[in-house]
Amino acid sequence: MKAREEGIIISVARSLRGGLREVLSSNLGKAGVAILLFMIVMSAYSLYVLPSDFPEKWKYPTRPPWVFNPRNAQPQWVELFGAKVADTAIFSNLRADREGIVLSPDALLRLAPEAERALGVGRPVFIGYAMVFRTSYTLDNAAYPQDVISLFKVETSEKVNKSRIGVVVLMYITRPDNIVLKTAEERLTLATLDYVKIDQGAFASPYISHFKLNISEDEMRTLYYIAVFGKPVGKDFEPLQGEYQITLLLLFTGIDPREVQSLVRNGDIRISAEVRVFGTSYGLLGTDNYGRDLFQGILFGFPVALAVGFLVSLAIVAIGLTLGVVSGYFGGRVDEIIQRTVDIIANIPLLPLLILVGVAIQTRGYVGWPALAVIMFILVIFSWGGVAIISRSMALSIKSEPYVEAAKALGASSARIVFRHILPQLIPYAMAALVFGVPGAILAEAGLSVLGIDHGLPTWGRILADAQANRGIAYHMWWWVLPPGILLGLFSFAFVALGFTLETIVEPRLRRR
Amino acid sequence: MPLDRRSLRIIAFRGLTLTFTLFVIVLLTSVIMGATGYDETVLKSLINEEIRAFRQELSRPGSPYTPEEREKLVREQEARLRQIYGLDKPWYERTVSYLPKLVTLDLYVTSDDVAGVLGLRRPLKVGEAIAVALPRTIIMITLAYALSALIAIPMGPYIAYKRGSLLDKGVIAYAAITNAFPVWWLAMLSIFFFGFYLNVAPTTYRPVIAHITSLSESLSSLDVASALSALIRIAYFSYVPIIVVTFSTLGSWLYSARAVAIRVVSEDYVAAARARGLSESTVVRRYVLRVIAGSVLTFIILGLAGSISGYIITESVFDWPGMGLLTYVSISVGDSQMVLAIVYVTTLVYVAARFLLEVLYVILDPRVKL
């Protein structure tokens with residue numbers, strides 16, 4: 001009877017070791033362990049990579065950084081399977097490749113010849129300081145990129161009054177067929193110089209007249225990305241493959257050009273540009289309808305799933321075990337009260353209750369971690385019944401074993417009997433219950449999210465909920481619906497599989513003879 | 001079988017505890033709705049909306065009231081509405097006042113959204129609402145449950161026999177997978193695949209209401225042809241949900257049936273029967289199924305009783321207008337009377353099923369005691 005004399009910690013260690021041996025002896029168990037390891041590695045990676053304000057960023061999909069991503073983009077790797085997608089390309093940290101004071105229109109054209117060659121635009125009249133940024137993008141596939149966006153990073157010293165310096169930003173795109181389009185023109189100041197997108201109307205009319213299209217200007221505006229990246233073929237358009245040159249021309253106004261030039265050359269004004277061509281593919285797992293990077297969202301889900309699952313399950317087992325043992329060992333009135341409570345919570349419709357509480361905390365304005373904590377709390381409060389019933393019956397049978405009676409006769413205290421004799425024997429069962437309890441919490445959280453109970457954190461359930469809310473579009477985007485669901489299922493599967501293999505420990509009669 | 005006094009006492013005691021359970025659950029629900037201030041928030045916004053409409057009505061051009069009179073009327077109307085919705089009383093009086101009416105389901109749907117789910121209009125009694133939603137859940141969830149049970153129960157003993165075989169391992173893996181992947185996600189996938197990709201099923205399921213209505217109308221007018229065509233259209237709407245729910249529940253049904261059978265299959269008398277050379281099917285029928293019948297009955301009765309509350313998330317994903325969606329919409333719009341009625345009815349059915357089982361145990365098994 002050595003095992004019974006051991007303390008709880010040794011018993012935990014023993015059953016962990018025994019459990020692991022049992023688990024690794026079956027394929028199902030091996031699969032479970034492998035998935036669990038994968039989840040742990042991904043969680044660590046997620047905590048390492050994602051910034052701490054990530055949930056906050058995710059919550060506001062119409063703000064940066066998401067507005068600088070293509071929307072509804074497929075994962076980039078689909079190209080390997082022959083899908084026709086346009087790559088998303090990001091050219092960051094571009095420095096001005098030419099700059100100078102322009103004293104005549106001709107001088108400007110020497111800096112940026114695109115300015116004159118653009119369809120339907122006369123030569124720009126400008127005297128002042130100018131900067132030019134250039135990059136090129138290659139379209140390999142027969143697909144249309146969605147947009148081109150130019151972001152600017154402006155750093156200045158205290159000497160510079162940013163709002164006093166005006167900037168005209170011009171974006172030109174030189175196509176593989178050598179046609180140049182002026183795709184944007186905006187008047188800003190150094191203080192407001194942020195980003196410029198393709199202006200849908202900037203080139204509609206010259207484009208129509210150049211290609212002699214029988215199409216209205218309004219229609220052309222909506223087809224702007226086709227106009228930029230396509231060539232008319234009969235009544236239709238085809239993507240135009242090849243190399244595109246993107247040119248950004250910054251013209252500084254409202255200040256003496258020599259002053260700006262010296263500020264720039266002395267490093268008092270540092271401007272770098274980033275050009276993003278929004279393709280139809282992006283990153284590892286694509287983007288949603290707002291351009292949010294689904295890979296990042298899913299990455300965030302790993303540690304949350306593990307934490308929510310384990311915390312809830314641990315709390316359920318701890319409460320169930322304690323109350324079960326108390327109920328079984330002490331009996332009497334305590335037992336009666338606990339048993340009736342179990343009766344009630346076993347009959348409670350848990351999901352409606354969770355929804356009710358979820359909606360209530362939502363109308364109260366709780367969001368984020370507190371909201372999630374309340375949901376977890378409710379899950380624990382109403383789920384410990386099953387563990388309590390089984391621990392009680394096990395405690396009852398151990399209590400009447402001769403060696404426990406003997407210990408009692410020798411004057412052992414209740415605490416000693418419970419901690420020395422009863423709890424250690426319940427540990428293997430508790431482990432199995434812990435493993436079995438993990439998926440319930442995370443599936444409940446996901447289900448609540450799908451129902452629109454918004455705790456505001458990007459979890460797998462939340463991503464699926466967004467897909468469900470945008471069902472019209474999302475159901476054409478497998479990369480939005482499949483990965484979070486598969487991960488959710490894999491995660492639960494790992495624990496169900498582990499639980500199934502641990503069952504033989506709990507129920508030795510199931511051991512194969 | 002005559003019942004002695006002791007058995008009757010046991011049954012009565014069980015009945016009492018289950019009734020107490022039902023009472024506590026309903027009370028708990030109403031306390032949560034009241035104490036969190038949730039139903040108050042909802043009622044307030046409801047009143048504000050009505051007041052806004054009322055004020056607009058009064059201040060239309062050509063109205064005979066002076067601004068002061070108008071304000072007075074608005075204030076009176078607001079007080080009246082607060083009284084109607086019970087906002088003049090503290091939450092516990094308001095919610096507790098629902099409880100006695102609950103027994104006879106003498107409550108009304110307060111939200112147009114809830115009536116809209118059912119395809120009905122207000123005024124609507126909660127009982128009528130449930131009576132309309134229930135059959136829709138039965139033809140989807142309960143049917144799928146019954147299908148799973150029908151497939152799983154005869155298979156259980158065979159799987160238990162072939163412990164460790166490929167079939168056994170396959171069933172365990174299948175159970176693990178269907179346990180892990182939420183059925184509502186499978187529902188999303190099936191809409192994606194059957195609806196949008198293959199185009200062989202609807203992509204939205206709410207219109208099934210019209211066909212169920214036309215079925216019941218043509219049945220009451222004994223119009224067989226149109227009843228048949230309505231039935232076909234209902235089948236078109238329901239086959240994907242039924243397949244999805246059956247696929248998902250079959251795993252745990254098979255696993256439970258197997259688990260129940262394994263305990264019996266490894267008993268000595270079964271081994272003895274097989275050793276006597278009886279055929280497998282005879283052994284299963286005579287020595288296994290008969291012994292596990294009690295557990296199986298428990299599974300079936302509790303499963304069917306539980307199924308009538310519907311699958312809240314899955315029905316929401318499919319937009320299937322049954323009990324689950326009714327529950328969800330009532331909770332989310334804050335129709336507390338409807339919520340209470342649903343919790344009451346579904347818990348009542350479940351508790352009644354448990355009571356039935358208790359009675360059966362006492363009658364069938366003389367060893368059962370308190």
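Letters A, B, ... mirror the listed sequences (proteins, then strands); counts begin at 1.
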*Does any heavy atom of chain A fall under 4.5 Å from the side chain of B/T17, the backbone, both, or neither of them?*
side chain
*Where on A/I361 is there a heavy atom nearer than 4.5 Å to chain B: the side chain, the backbone, both, or neither?*
neither
*Check each atom of B/V24 against the heavy atoms of chain A and say whether the ones under 4.5 Å are side chain, backbone, both or neither.*
side chain
*asked:* With a 4.5 angstrom heavy-atom cut-off, is it the side chain or the backbone of A/I345 that approaches chain B, or both, or neither?
replied: neither
_Non-hydrogen side-chain atoms of B/R354 and A/D343 separated by less than 4.5 Å_ = yes
*What part of A/V481 is in contact with chain B, defined as an atom under 4.5 angstrom from a non-hydrogen atom: side chain, backbone, both or neither?*
both
*What are the two closest non-hydrogen atoms of B/W185 and A/L482, and how far apart are they?*
CZ2-O, 3.5 Å
_For B/K44, I'd like to know if atom NZ has over 12 heavy atoms of other residues, nucleotides or ligands within 6.0 Å._
no
*chain A heavy atoms under 4.5 Å from B/T347: which part of the residue, side chain, backbone, both or neither?*
side chain
*Hey, are the side chains of B/I25 and A/P349 touching, using non-hydrogen atoms and a 4.5 Å cut-off?*
yes
*Can you tell me if CG on B/L198 sees more than 12 non-hydrogen neighbours from other groups inside 6.0 Å?*
yes
*Against chain B, label A/A446 side chain, backbone, both or neither, depending on which of its atoms sit under 4.5 Å from a heavy atom there.*
both
*asked:* Out of A/A497, A/P352, A/G32, return the one with the most heavy atom pairs under 4.5 angstrom to chain B.
replied: A/P352
*Go through the atoms of A/L353 and report whether side chain, backbone, both or neither lie under 4.5 Å from a heavy atom of chain B.*
side chain
_Does any backbone or side-chain atom of B/I191 lie under 4.5 Å from a heavy atom of chain A? Answer side chain, backbone, both or neither._
side chain
*Please state whether the side chain, the backbone, both or neither of B/L28 comes within less than 4.5 Å of a heavy atom of chain A.*
side chain
*asked:* Tell me whether B/F196 at atom CZ has more than 12 heavy atoms from other residues, nucleotides or ligands lying less than 6.0 Å away.
replied: yes
*Minimum heavy-atom separation for A/G489 to B/A180, with atom names?*
O-CB, 3.2 Å
*To the nearest 0.5 angstrom, please state how far the OG1 atom of B/T327 sits from the CG atom of A/L356.*
11.5 Å
_Distance (rounded to the nearest 0.5 Å) between A/L351 CG and B/I312 CD1_ = 4.0 Å
_Shortest non-hydrogen contact between A/V496 and B/A176, atoms and distance_ = CG1-CA, 3.6 Å
_Taking side chain as everything from C-beta outward and backbone as N, CA, C, O, which of these in B/F193 sits under 4.5 Å from a heavy atom of chain A? Side chain, backbone, both or neither._
neither
*Min side-chain heavy-atom separation A/L443-B/F181 under 4.5 Å*: no
*Indicate the atoms forming the closest heavy-atom contact of A/L464 with B/M188, along with that distance.*
O-CE, 3.3 Å
*So, for A/I344 and B/T21, which heavy atoms are closest and what is the spacing to 0.1 Å?*
CA-CG2, 3.6 Å
*Closest heavy-atom pair and its distance - B/S316, A/L451*: OG-CD2, 3.4 Å
*Side chain, backbone, both or neither: which part of A/L28 has an atom under 4.5 Å from a heavy atom of chain B?*
side chain
*Against chain A, label B/T203 side chain, backbone, both or neither, depending on which of its atoms sit under 4.5 Å from a heavy atom there.*
backbone
